[in-house]
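Input: a single structure, listed below in structure tokens.
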2 protein chains.
Amino acid sequence: MLHDPAQLDLMFQALADPARRHMVERLSRGPASVSQLAEPLAMSLSAVVQHLNVLEASGLVRTEKLGRVRTCRIEPKALRTAEHWINERRLTWELRPDRLGDFLAKTKDETD
Amino acid sequence: MLHDPAQLDLMFQALADPARRHMVERLSRGPASVSQLAEPLAMSLSAVVQHLNVLEASGLVRTEKLGRVRTCRIEPKALRTAEHWINERRLTWELRPDRLGDFLAKTKDETD
DNA sequence: ACAATAGTTAAGCAAATACTTCAGTGTTTG
DNA sequence: CAAACACTGAAGTATTTGCTTAACTATTGT
């Protein structure tokens, strides 16, 4: 389960845009067509398709075309990969011997 | 604990570059100076400073100057914010009533 | 068959990125 | 005090991004 730098580039880049995060957010509540994804966004359908291609290239979203409708869904495994990369760095820091005290204090009374 | 879109933009954008992830990775193992961060990277010190400014603007890294040395350290709270945004979307998807079966099956035998 | 629907593709453009080099600014050290 | 050190900032440049419009390709409904 090694982290491929190129895929991380694509995933974080994909998540760095508010329109694309909006699309991911929508898809987290269930599959949707391109037009459904486009509907709440203030931009052309063409722009939405381009964003969708970025998401698909990153692996965060998978799409499938049936007839004239392209149905999009989230790929939880990819989300998990991005999540995991961040989590590893955070824990490496928080579990350092000299920081462990701070960490335990924080997790105890959940002031964080 | 609402997610500020602009900050998420900056954080994911910051993480979308391999050099900046390398710097975060280094910093997760402990604080470092600018030159120490630059040492393993094949680019000018000036470029590294620019990357560092991106990281600092995103809130992922905090720096402090003492004498002529700028010491950089990771900001775990910011990492957690990014991590949390992804985690929320993934769980929203995985805990959908109609998907719950799949999710439970997967977490049970850890095939994932 | 015809029109409406759903999406795709290409071209073009302004703005943002990821560097470079070069010329500084303070800060230690000998 | 002078040289080395650790950055810092500005300017320039090539590439990438995030759109737009417009023309096009399939499907589906009447």
Side-chain angles (χ1 to χ4, degrees), chain A residues 4-27 30-74 82, chain B residues 4-27 30-74 82:
Chain A
D4 173 18
Q7 207 210 336
L8 287 171
D9 281 14
L10 294 173
M11 287 192 303
F12 286 128
Q13 180 73 322
L15 293 174
D17 183 279
R20 285 190 298 255
R21 278 200 310 279
H22 197 128
M23 292 164 77
V24 168
E25 204 150 359
R26 166 64 187 79
L27 291 176
S33 70
V34 176
S35 335
Q36 285 175 328
L37 287 178
E39 193 261 323
L41 299 172
M43 63 180 71
S44 72
L45 182 62
S46 197
V48 172
V49 170
Q50 287 169 63
H51 280 305
L52 185 54
N53 291 340
V54 171
L55 284 168
E56 196 166 15
S58 78
L60 288 167
V61 165
R62 193 166 38 87
T63 76
E64 185 183 8
K65 194 154 186 175
L66 264 140
R68 60 184 169 180
V69 176
R70 175 145 74 137
T71 303
C72 314
R73 62 191 72 238
I74 245 176
Chain B
D4 173 18
Q7 206 209 337
L8 287 171
D9 280 14
L10 294 173
M11 287 192 304
F12 286 128
Q13 179 74 320
L15 292 175
D17 183 279
R20 285 190 299 256
R21 278 199 311 279
H22 197 123
M23 292 164 76
V24 168
E25 205 151 358
R26 167 63 186 81
L27 290 175
S33 70
V34 177
S35 333
Q36 284 175 328
L37 287 178
E39 193 263 323
L41 300 172
M43 64 180 70
S44 71
L45 182 63
S46 199
V48 172
V49 170
Q50 287 170 62
H51 279 305
L52 185 55
N53 291 340
V54 171
L55 284 168
E56 196 167 15
S58 78
L60 288 168
V61 165
R62 192 166 39 85
T63 75
E64 187 184 7
K65 194 152 186 176
L66 266 140
R68 61 185 167 180
V69 177
R70 175 144 76 136
T71 303
C72 314
R73 63 191 70 237
I74 245 177

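Naming: A, B, ... by sequence-line order, numbering from 1 per chain. Note that this is a predicted model, so its numbers are computed, not measured. The analysis underlying the following values was restricted to heavy atoms, covering all of them including side chains, and did not include hydrogens, waters or symmetry mates.
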Note to self: Base of D:dC7, side chain of B:Arg70 - is there a donor-acceptor contact under 3.5 Å?
What the structure shows: no
Checklist line | d(CD, B:Glu64; P, D:dA6) in whole Å | finding: 18 Å
Note to self: For a quick test of reading the model: is some side-chain N or O of A:Arg20 closer than 4.0 Å to OP1 or OP2 of D:dG18?
What the structure shows: yes
Check: Choosing from D:dC5, D:dG18, D:dT27, which nucleotide comes nearest the side chain of A:Arg68?
Finding: D:dT27
Check: Is there a donor-acceptor pair closer than 3.5 Å between any side-chain N or O of B:Arg21 and the backbone N or O of A:Pro5?
Finding: yes
Notebook entry, point to check: Can you check the A:Gln13 CD to D:dG18 C1' distance for me, whole Å?
Noted result: 11 Å
Notebook entry, point to check: Which residue lies toward the 5' end of DNA chain D, B:Val69 or A:Ala16, if each is placed at its nearest nucleotide?
Noted result: B:Val69
Item checked: Whole angstrom value for the distance that separates P of C:dT17 from CG of A:Asp9 -> 15 Å
Notebook entry, point to check: Under a 4.5 Å cut-off applied to non-hydrogen side-chain atoms, are A:Thr71 and A:Leu66 in contact?
Noted result: no
Next item on the list: Could you give me the CA-CA distance, side-chain angles and deciding distance for B:Arg70 and B:Glu56, then say whether salt bridge (charged side-chain N to carboxylate O under 4.0 Å, His left out) is met?
Entry: CA-CA 12 Å; B:Arg70 175 144 76 136; B:Glu56 196 167 15; 2.9 Å; yes
Checklist line | Nearest-Å distance for atom pair CG/P, residues B:Asp17 and D:dT16 | finding: 13 Å
Checklist line | Close approaches to DNA chain C from residues 37-54 of chain A, in residue order (heavy atom, under 4.0 Å) | finding: A:Leu45, A:Ser46, A:Val49
Next item on the list: May I ask you to decide if A:Gln13's main-chain N or O and A:Arg20's side chain share a donor-acceptor pair within less than 3.5 Å?
Entry: yes
Next item on the list: Could you tell me whether the phosphate oxygens of D:dA6, OP1 or OP2, come under 4.0 Å of any side-chain nitrogen or oxygen in B:Lys65?
Entry: no
Item checked: side chain to side chain contact (heavy atoms under 4.5 Å, CB included) partner of A:Leu60, chosen from A:Ile74, A:Leu27, A:Val54, A:Leu15 -> A:Leu15
Check: Quick one: are B:Ser46 and B:Gln50 in side-chain contact, heavy atoms under 4.5 Å?
Finding: yes
